[in-house]
Amino acid sequence: MKLSRLAVIGTTVGTAAVLGISTAAMATSGAPAAPKHPAAASATTVAPDSLRALAAKIGLRIGTAAGPSRLTTPQLAAITAGQFSVLTPENEMKWQVVEPTQGQFDWTGADNLVKFAKANGQLVRGHTLMWHSQLPDWLTTGVANGTISDAQLKSLLHQHITTEVSRYKGKIWQWDVANEVFANSWDTAQPDGLNANDFWIQHLGSGILADAFRWAHAADPHALLCYNDFNIAGEDGTNAKYQNVHDFVAKLKAQGVPIDCVGEQGHLDTQYGFSGTRMQQDLQGYASLGLKVAITEADVRTFVNNATDQVPTSNPETLAQPYEFGQMLKACLAVKNCISFTIWGFDDAESWVPGVFAGEGYSDIYDVNLNKKDAYFELQQDLRLAAFGAPDRRRTF
Ligand code: 9MR
């Protein structure tokens, strides 16, 4: 275990000092006014060779998705705090979790994450306000049986966004306002590229995106508001989904809709093609619209022997996994507007992958026994080298 090493070489100092930057200075970009974010008040033990400390040298935030166990299990919590400078609640801010019964809220998980982040000098990516998945049963049932009309659905979404964003006003750096509403090659696309069968598009039409961003902005004018999706930078052979998202957000910007960033999730699989060069070009394409960009859910899965041990079944795949992680980070590093690089969790044992993709796993940067993998060292080395040439994000704020 690397904990003893962390403790030995780590220096206990104010996190802002470790990061070489104030939290407030990191916090904004396209946001119209001065940011209001919690000061990095804690004394976290951050090793100088940790991912977060190395990335701080160029003003990049390194993140992880954190469910409750990554905040409370001591070994996991030490990594969550020691390696990362921004946290995303893996599930705890989703509508199903925060309002399981209509009008009855449970903010426990979300509050705990925000508290943990504050204590450890970390920012928070809020995730996610409008998504077809993990909606409360009372909502989907009501829509299905007609007791909730489309007009009522719109008003409920407005209320949901306002309630949640207001609750955490000033405490969220980036919000994933809308998630996964564009069509993939296997979906039915509308002429504007949105998924015709997406729950929100089906019931409320394409205009709901602009509404959602406006409602979120009204509740917290200083949070960076993002559109978040997968296969929108480098993974899609035709690049059609990228083009659709690009053109749609360009239109939103032209209409004055308060959108500040695009999040590329970065869920890769070594069996498919992926172009780091294309990812960089696409991230730059969004950046050229005046948007910030972020890698929001990076992981790279591959075929493994079993879901418990998660040993890759072929040698090239073992090499491809860290290579593709490195390609994603390098693409982000090359684009000055890329402000954060978040990994979806960090250890294979807790990953969502084996439960969803039969026979696959090994998708994170720590193995099932919490040992650092090649992917960790790949990211660490890329960040070390970045200090010698990658554009410094701090000058963009
Ligand atoms: O990692 C999340 C997993 O625990 C949930 O069961 C799942 C439900 O769909 O959502 C996972 O996170 C997703 C994220 O919120 C949006 N992009 C895809 C992620 C992986 O499915």
Single-linkage hydrophobic cluster [X]~[Y], side-chain heavy atoms < 4.5 angstrom:
X	Y	result
F274	V245	yes
Y323	I295	no
F105	W95	yes
V293	L252	yes
L289	V335	yes

Do [X] and [Y] have side chains that approach each other closer than 4.5 Å (heavy atoms only, starting at C-beta)?
X	Y	result
D111	R167	yes
F84	I79	yes
K241	I232	yes
D364	D348	yes
C226	R125	yes
F213	V249	no
L129	E164	yes
R384	D49	yes

Are the side chain of [X] and the backbone of [Y] linked by a donor-acceptor contact shorter than 3.5 Å?
X	Y	answer
R61	S85	yes
Q152	S149	yes
E264	A233	yes
Q321	Y362	yes
N371	D367	no
Q122	T80	yes

Just how far is it from atom [atom1] of [X] to atom [atom2] of [Y], taken to the nearest 0.5 Å?
X	Y	atom1	atom2	result
D236	S275	CG	OG	11.5 Å
E99	W107	CD	CH2	7.5 Å
N337	L283	CG	CG	10.0 Å
Q75	T73	CD	OG1	9.0 Å
L379	I343	CG	CD1	5.5 Å
S133	Q96	OG	CD	7.5 Å

Side chain to side chain contact (heavy atoms under 4.5 Å, CB included) between I339 and Q174: does it pass, once the steps are laid out?
CA-CA 10 Å; I339 55 174; Q174 306 173 27; 3.5 Å; yes
What closest approach, in Å, do [X] and [Y] show between heavy atoms, and which atom pair accounts for it?
X	Y	value
L333	P391	O-CD, 3.3 Å
A117	V124	CB-CG2, 3.6 Å
M328	D299	CE-O, 4.3 Å
L225	H217	CD1-N, 3.6 Å
V46	R52	CG1-CG, 3.8 Å
E378	P322	CG-O, 3.4 Å

Go through it in stages, so that I can follow the logic: the residues are H246 and V262, the test is side chain to side chain contact (heavy atoms under 4.5 Å, CB included), and I'd like the CA-CA distance, side-chain angles, deciding distance and then a yes or no.
CA-CA 9 Å; H246 173 279; V262 171; over 6 Å; no
Ion pair K251/D192, N-O distance below 4.0 Å:
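Judged by the 4.0 Å cut-off on N to carboxylate O distance, K251 and D192 do not form a salt bridge.
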Go through C338 and R393 one step at a time and tell me if the side chain to side chain contact (heavy atoms under 4.5 Å, CB included) criterion holds.
CA-CA 8 Å; C338 188; R393 275 87 187 141; 4.1 Å; yes
Which one of T342, N228, T128 satisfies the side chain to side chain donor-acceptor pair (under 3.5 Å) criterion with T296?
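Exactly one option meets the side chain to side chain donor-acceptor pair (under 3.5 Å) with T296, and it is N228.
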Among L194, N195, N179, L135, which residue meets the side chain to side chain contact (heavy atoms under 4.5 Å, CB included) test with W200?
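When L194, N195, N179, L135 are each tested with W200, the side chain to side chain contact (heavy atoms under 4.5 Å, CB included) holds only for L135.
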In a check of side chain to side chain contact (heavy atoms under 4.5 Å, CB included) between N145 and each of I148, V143, T147, which one passes?
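Of I148, V143, T147, side chain to side chain contact (heavy atoms under 4.5 Å, CB included) with N145 is met by T147 alone.
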Regarding K57 and the six-membered ring of F388, is the cationic atom NZ or CZ under 6.0 Å from the ring centre and inside 45° of its axis?
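That pair does not qualify as a cation-pi contact.
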side-chain hydrogen bond (donor to acceptor under 3.5 Å, both in side chains) between N239 and D282: does it pass, once the steps are laid out?
CA-CA 9 Å; N239 229 25; D282 290 352; 3.0 Å; yes
Classify the angle between the aromatic ring planes of [X] and [Y] as parallel (below 30°), tilted (30 to 60°) or perpendicular (above 60°).
X	Y	answer
F182	F248	perpendicular
H267	W344	perpendicular
Y366	F346	perpendicular
H127	W131	tilted

Show, in sequence, the C-alpha distance, side-chain angles and deciding distance for Y242 and Y286, and conclude whether the ring pair (Phe, Tyr, Trp, His ring centres under 6.0 Å) test is met.
CA-CA 9 Å; Y242 158 77; Y286 299 123; 5.0 Å; yes
I'd like to know whether CZ of F303 has more than 12 heavy-atom contacts from other residues, nucleotides or ligands below 6.0 angstrom.
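Correct, the count exceeds 12.
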Does the side chain to side chain contact (heavy atoms under 4.5 Å, CB included) test come out yes or no for D229 and V181, once each step is laid out?
CA-CA 8 Å; D229 209 333; V181 293; 5.7 Å; no
Run W173 and Y168 through ring pair (Phe, Tyr, Trp, His ring centres under 6.0 Å) and show every step you take.
CA-CA 10 Å; W173 181 34; Y168 297 108; over 10 Å; no
CA sep, side-chain torsions, deciding dist, call: Q83, T64, side-chain hydrogen bond (donor to acceptor under 3.5 Å, both in side chains):
CA-CA 9 Å; Q83 294 291 340; T64 188; over 6 Å; no
